[in-house]
Amino acid sequence: MTGANGFSVSGYGPERAGWTRVFARDSLARRLDWPILFSALALSFIGAALVYSATRNRTELNQGDPYYFLFRHLLNTGIGFALMIGTVWLGHRTLRTAVPILYGLSVFLVLLVLTPLGATINGAHAWIVIGGGFSLQPSEFVKITIILGMAMLLAARVDAGDKPHPDHRTVVQALGLAVVPILVVLLMPDLGSVMVMVIIVLGVLLASGASNRWIFGLIGAGALGAVAVWQLKVLDEYQIARFAAFANPALDPAGVGYNTNQARIAIGSGGLFGTGLGKGSQTTGQFVPEQQTDFVFTVAGEELGFVGAGLILVLLGVVLWRACRIARETTELYGTIVAAGIIAWFAFQSFENVGMTLGIMPVAGLPLPFVSYGGSSMFAVWVAVGLLQSIRVQRPMSA
């Protein structure tokens, strides 16, 4: 019998039962990328500890239960892990056939945000409140459908052997597919997610083998688009103020520059080994806003120190390294493009999140993958891990 993920689960006699069967050369257990799996789990559990430390005294947020956010973070991790297993079982090739449905659903959900069903949370009008304390951020799932949709279009004729690389018409179609949800998200406006999506598009095009003229053209168009967005005042005032504070940190240290200044104080006070979990004065004193989400890295810097914060970066690096290896080893362009899109997503979002806490990037309201609190983000990154695992599972054994 062959599962949807393409690996064989038949042909084992009684003598190959038990652990021998589980770890046979063509078994799922041997084909999975365990470094990615362990690194992602470690990041999620470290995140749980940091989220707990940041919220245990926040009675205005945790409803009087110091473990409220801890339990929910672990629940989100469990659901995300289950989604990863389901993604591996279905396989990225099966999901390829469902791209039109997934894409249409994701665009529909981001459009709902612009209706009265949309809600503003932490200053961003990017959510749909489901009820029972749960909310959904559709832009997180748009990242996945952009990757899958562009990969499907760009790789179709190449994997079939009709073309050595995507032609100009195919690239235009792929860009059109990506532009629609990006424009909707920009209207929210959710600038952080738009930035990630643009990087994803560039990463996907680079991996597809598209002409370099498209890459340089898109970079130029992006620069002109940024100027147009600024001049047309598409962004909210607080977003413009964030960029102004990034350009001049001394502009408003008690106002828009407050978050970044307090974040750097928190990280700088941690020293080599940190103050100890739950013992950071900046975290305990609640000087840094949104420490369980966008600024969770400041908790690591203060309470776990350079060593603990460095460990998070190392684990993220392992995920990216193994993802690069998966992208390189797969023999199909579709798998390479999907892996490259995920690499671009994780790399830029991690750099932006950590960078804004250090003051080297503007504040953009992006979570740290696997670490920050948030269901939508956690579900999306674990689905991405499932896609990477599926690509590895279905590679030839000689790779």
Side-chain angles (χ1 to χ4, degrees), residues 1-12 16-48 74 76-98 102 143-144 147-148 151 155 207 311-312 314-347 350 369-371 377-399:
M1 180 178 67
T2 300
N5 45 33
F7 66 90
S8 173
V9 293
S10 63
Y12 293 93
R16 297 189 68 187
W19 290 109
T20 303
R21 176 174 178 175
V22 170
F23 291 101
R25 190 169 185 270
D26 60 344
S27 69
L28 175 61
R30 288 290 297 272
R31 284 176 171 256
L32 287 176
D33 192 298
W34 291 100
I36 280 185
L37 189 58
F38 285 137
S39 297
L41 282 172
L43 286 166
S44 296
F45 289 132
I46 291 173
L74 292 174
N76 290 336
T77 300
I79 296 173
F81 192 83
L83 290 172
M84 181 210 68
I85 294 174
T87 302
V88 176
W89 175 249
L90 286 173
H92 67 291
R93 293 173 185 166
T94 300
L95 290 174
R96 182 177 188 172
T97 63
L102 297 175
K143 299 170 187 175
I144 297 173
I147 293 172
L148 293 176
L311 175 61
I312 292 175
V314 168
L315 290 171
L316 287 168
V318 170
V319 172
L320 293 172
W321 161 56
R322 299 301 297 184
C324 288
R325 183 169 179 175
I326 289 171
R328 186 178 67 249
E329 290 179 347
T330 183
T331 57
E332 58 175 1
L333 182 60
Y334 175 72
T336 298
I337 294 175
V338 171
I342 294 171
I343 293 166
W345 166 15
F346 284 7
S350 299
F370 303 102
V371 182
S377 173
M378 186 69 77
F379 302 159
V381 294
W382 275 106
V383 169
V385 170
L387 289 170
L388 291 171
Q389 296 286 12
S390 173
I391 295 167
R392 178 175 168 84
V393 162
Q394 297 188 36
R395 83 200 194 285
M397 286 303 294
S398 58

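Values reported hereafter were calculated over all heavy atoms of this structure, with side chains retained and with hydrogens, waters and symmetry mates removed.
Between the CG atom of L90 and the OG1 atom of T97 there is a distance of 9.5 Å, given to the nearest 0.5 Å. The distance from atom CD1 of I337 to atom CD of E332, rounded to the nearest 0.5 Å, is 10.0 Å. Atoms CZ and CD1, from R392 and I36 in turn, are 8.5 Å apart once rounded to the nearest 0.5 Å. To the nearest 0.5 Å, atoms CZ (F370) and CD1 (I312) are separated by 13.0 Å. Once rounded to the nearest 0.5 Å, the distance linking CG of L32 with CG of L388 reads 12.0 Å. Put simply, CG on L315 and OG on S350 are 11.5 Å apart, with the number rounded to the nearest 0.5 Å.
Shown here are the side-chain contact (heavy atoms from CB on, under 4.5 Å) partners of T77, two or more places apart in sequence or in another chain: S44, H73, M378, W382. Applying the side-chain contact (heavy atoms from CB on, under 4.5 Å) criterion to L83, with sequence neighbours excluded, gives I79, F379, V383. Not a single side chain to side chain donor-acceptor pair (under 3.5 Å) links R96 to another residue, sequence neighbours left out. Residues satisfying the side-chain contact (heavy atoms from CB on, under 4.5 Å) criterion with I85, sequence neighbours excluded, are F81. In terms of the side chain to side chain donor-acceptor pair (under 3.5 Å) criterion, N76 has no residue partners (sequence neighbours excluded). Partners of F45 by ring pair (Phe, Tyr, Trp, His ring centres under 6.0 Å), not counting sequence neighbours: none found. Checked against side-chain contact (heavy atoms from CB on, under 4.5 Å), L320 has the following partners two or more places apart in sequence or in another chain: I343, F346, A347.
A donor-acceptor pair under 3.5 Å is absent between the side-chain atoms of Q394 and the main chain of G91, judged by distance alone. Between the side chain of S390 and the backbone N or O of H92, at least one donor-acceptor pair lies under 3.5 Å.
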Would you please test T336 and I326 for side-chain contact (heavy atoms from CB on, under 4.5 Å) and show each step? CA-CA 8 Å; T336 298; I326 289 171; over 6 Å; no
I342 vs V338, test: side-chain contact (heavy atoms from CB on, under 4.5 Å). Steps then yes/no. CA-CA 6 Å; I342 294 171; V338 171; 4.1 Å; yes
Test side-chain contact (heavy atoms from CB on, under 4.5 Å) on L37 and M84; report intermediate values, then the result. CA-CA 10 Å; L37 189 58; M84 181 210 68; 3.6 Å; yes
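The shortest non-hydrogen separation linking V318 to S39 is CG1-OG, 3.2 Å. Across all non-hydrogen atoms, the minimal contact from A48 to L74 is CB-CD2, 3.8 Å.
Residues V385 and V319 fail the side-chain proximity criterion, which asks for heavy atoms closer than 4.5 Å. Contact annotation: the side chain of L387 approaches that of I144 to within less than 4.5 Å [non-hydrogen atoms, C-beta and beyond].
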